[in-house]
Visitor: 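Sending over a structure as structure tokens; questions will come in a sec.
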Amino acid sequence: MKGLMQPNPMNLVHVLEHAARFHGRREIVSSTVEGGIHRYTYCDALARTKKFANALRKLGVDVGDRVGTLAWNGYRHFEAWYAISGQGAITHTVNPRLFPDQVAYIINHAADKFLVLDTTFVSLVEGIQDQLRSVEGFIILADREHMPQTSLKNVHCYEDLIAGEPEEFAWPELDEETASSLCYTSGTTGNPKGVMYSHRSNILMALAVNGAEGFGLTTMDSVLMVVPQFHANSWGLVYSAPMSGAKLVLPGPNLDGKSTYDLITNEQVTFSAAVPTVWNIFIAYLEEIGGKLPTLREVVIGGSAVPRSMIKIFDEKYDVKVLQAWGMTETNPLGTLNRTVPEVMALDHEAQLDYATKQGRPLFGVDIRITNEAGTSLPHDGKTPGRLMVRGPWVIQSYYGLEESVLDADGWFDTSDIATIDELGFMQITDRAKDVIKSGGEWISSVDLENTAMGHESVAMAAVIGMAHPKWDERPLLILQLREGASVSKDEMLDYLGSRVAKWWLPDDVVEIDVIPLGGTGKINKLSLRETFKDHVLPTI
Ligand code: ADP
């Protein structure tokens, strides 16, 4: 027997319709590419979204077409986002920080029909224009006055395009499994692969994220969405903020410490999300000016491991709770979140900080387990590391263009992360499978070593890579980027680590580098470090 409730399919544009109808006065505030602040309401955003939907129809965009975006978080990008997927086309967010050849590869692979871009990225696209096979035209997110001179062919000005269009658009009724958005993995190994989200997967994730065990946003919140829309849908915030009627603050290209601080202060931001690199820069600025964060309640940090020192300073000095999140492009992206539980609250303060370095528990909908190489489940004892497997309605089934399923026989996706899960259900990433250091048949966690090294006051950033070793197979090399003006000798560093990690984990060598290279999503680029240090000889050989 079937239930007798309304079977209406979920469409992402309902999120914006809801925000406009019931939180219509709530603001979207954007720091713009042109300079200055733009502010309007969800109600205004919906009207302009419908105008753009009409304009796209006129350009020939149809259900199932891909429209690429190369843009910062801003109000026009937000409108384009909902207009594209609301009418059944697919918002393909392209990460502009990738190499130009990768950007071209991704656009061709997705066969984008149009590209929507900020003026910032015009020269990037000009440089690859000749390689693009499917793109029929370019829409620049600007008004007439700010349109750049460009060699791009078939260029449209966004404001001109929407100017004469009606503020009404009949959104089509779409099956909820219709593709809504496309995001490519950052391609640190091989070519980037496309993950095709559906209306259903996004809405289910946004609902879960909005629960009190998730981000717990309400209409009283002011959300600074630092994590880019091109970084796995800004971790779902682009949906969960309007869904809950929260005020949305979009930083545009301005991700430096001062801009972030000004937005937090001026817009009374209560909640924000970004990768550790952004918060590092922010905290350095905050400390320098002696700033305060009276309105900020929580920050979500994820994408790579969050150093304990960052959690500590936010908590003790600024009274801001850090919620660590783990996820990947393949998980839409939110998989786990670290919110505390009574058992952890009962511990002393330092132990609570230790616990906050774990990646957290899955939200309802996501299931996780760890397995050995043979695929057998491993115990949840907080000690045994295994391959992290994940499943759920917002987890990938197959990559775009590659039909075969990437799941195992029981429907689990292998994340290529190595993790432990403890008795309370908290997962902790100990490494990526390819980064773990295999020494004498045991595993050394590069992430743990990096985090510990970053606790030293002279260290701005630390990276650990495995170096071939004739006796042990691999041994760790610690690479340090020091804070400005700071210095630390190898022996001092090894002493510092010696009291904090197992003896056999101690790096065989410590080297300094001016800048540790980061990849397109702010993670340490270990591929490039391995290349740089491929001829380095460990003193222990
Ligand atoms: P995203 O674009 O969301 O960063 P990617 O697919 O590029 O996702 O990378 C996902 C990987 O990033 C994960 O498999 C994991 O290795 C790493 N990661 C994400 N969040 C964390 C975290 N909180 N701690 C440690 N590693 C993380």
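Since the structure is predicted, the reported quantities are computational estimates derived from the model, not experimental observations. Note that the numbering runs from 1 along the sequence shown for the chain. As the structure lists them, so they are numbered: ligands from 1, and atoms in each ligand from 1.
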Visitor: Test your reading of the model: is there a side-chain donor-acceptor pair from N332 to the backbone of Y197, 3.5 Å cut-off?
Guide: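 No, the answer is negative, given that no donor and acceptor are paired below the 3.5 Å cut-off.
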Visitor: Scan side-chain atoms only and decide if S446 and K526 contain a donor-acceptor pair under the 3.5 Å cut-off.
Guide: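 There is such a pair (donor and acceptor under 3.5 Å, judged by atom type) between the side chains of S446 and K526.
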Visitor: Go through the structure and list residues passing salt bridge (Lys or Arg N to Asp or Glu O under 4.0 Å) with E343, not counting sequence neighbours.
Guide: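 E343 satisfies salt bridge (Lys or Arg N to Asp or Glu O under 4.0 Å) with no other residue.
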Visitor: Check whether any side-chain heavy atom of S234 lies under 4.5 Å from a side-chain heavy atom of F78, and answer yes or no.
Guide: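 With C-beta onward as the side chain, the pair stays apart.
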Visitor: Under the side-chain contact (heavy atoms from CB on, under 4.5 Å) rule, collect the residues that match up with L407, sequence neighbours excluded.
Guide: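 side-chain contact (heavy atoms from CB on, under 4.5 Å) list for L407, sorted by chain: Q397, S405, F413.
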Visitor: May I have a table of the N/O to N/O pairs between ligand 1 and the protein that fall below 3.5 Å, each row giving the two atom names and the distance to 0.1 Å?
Guide:
from, atom 1, to, atom 2, distance (Å)
ligand 1, 2 (O), H231, NE2, 2.9
ligand 1, 2 (O), T329, OG1, 3.4
ligand 1, 3 (O), H231, NE2, 3.4
ligand 1, 4 (O), H231, NE2, 2.9
ligand 1, 4 (O), K523, NZ, 2.5
ligand 1, 6 (O), T329, N, 3.1
ligand 1, 6 (O), T329, OG1, 3.1
ligand 1, 7 (O), S186, OG, 3.1
ligand 1, 8 (O), T329, N, 3.4
ligand 1, 9 (O), K523, NZ, 3.2
ligand 1, 12 (O), G303, O, 3.3
ligand 1, 12 (O), K523, NZ, 3.0
ligand 1, 14 (O), D417, OD1, 3.3
ligand 1, 14 (O), D417, OD2, 2.7
ligand 1, 14 (O), R432, NH2, 3.0
ligand 1, 16 (O), D417, OD1, 2.6
ligand 1, 16 (O), D417, OD2, 3.3
ligand 1, 16 (O), R432, NE, 2.9
ligand 1, 18 (N), G303, O, 3.2
ligand 1, 20 (N), G303, N, 3.0
ligand 1, 23 (N), Q324, OE1, 3.0
ligand 1, 23 (N), A325, O, 2.7
ligand 1, 24 (N), A305, N, 3.3
ligand 1, 24 (N), Q359, NE2, 2.9

Visitor: Which donor-acceptor pairs under 3.5 Å do side chains of residues 386-395 form with protein atoms, sequence neighbours excluded?
Guide:
from, atom 1, to, atom 2, distance (Å)
R387, NE, D414, OD1, 3.4
R387, NE, D414, OD2, 2.8
R387, NH2, D414, OD2, 3.4
R391, NH1, D410, O, 3.4
W394, NE1, L334, O, 2.9

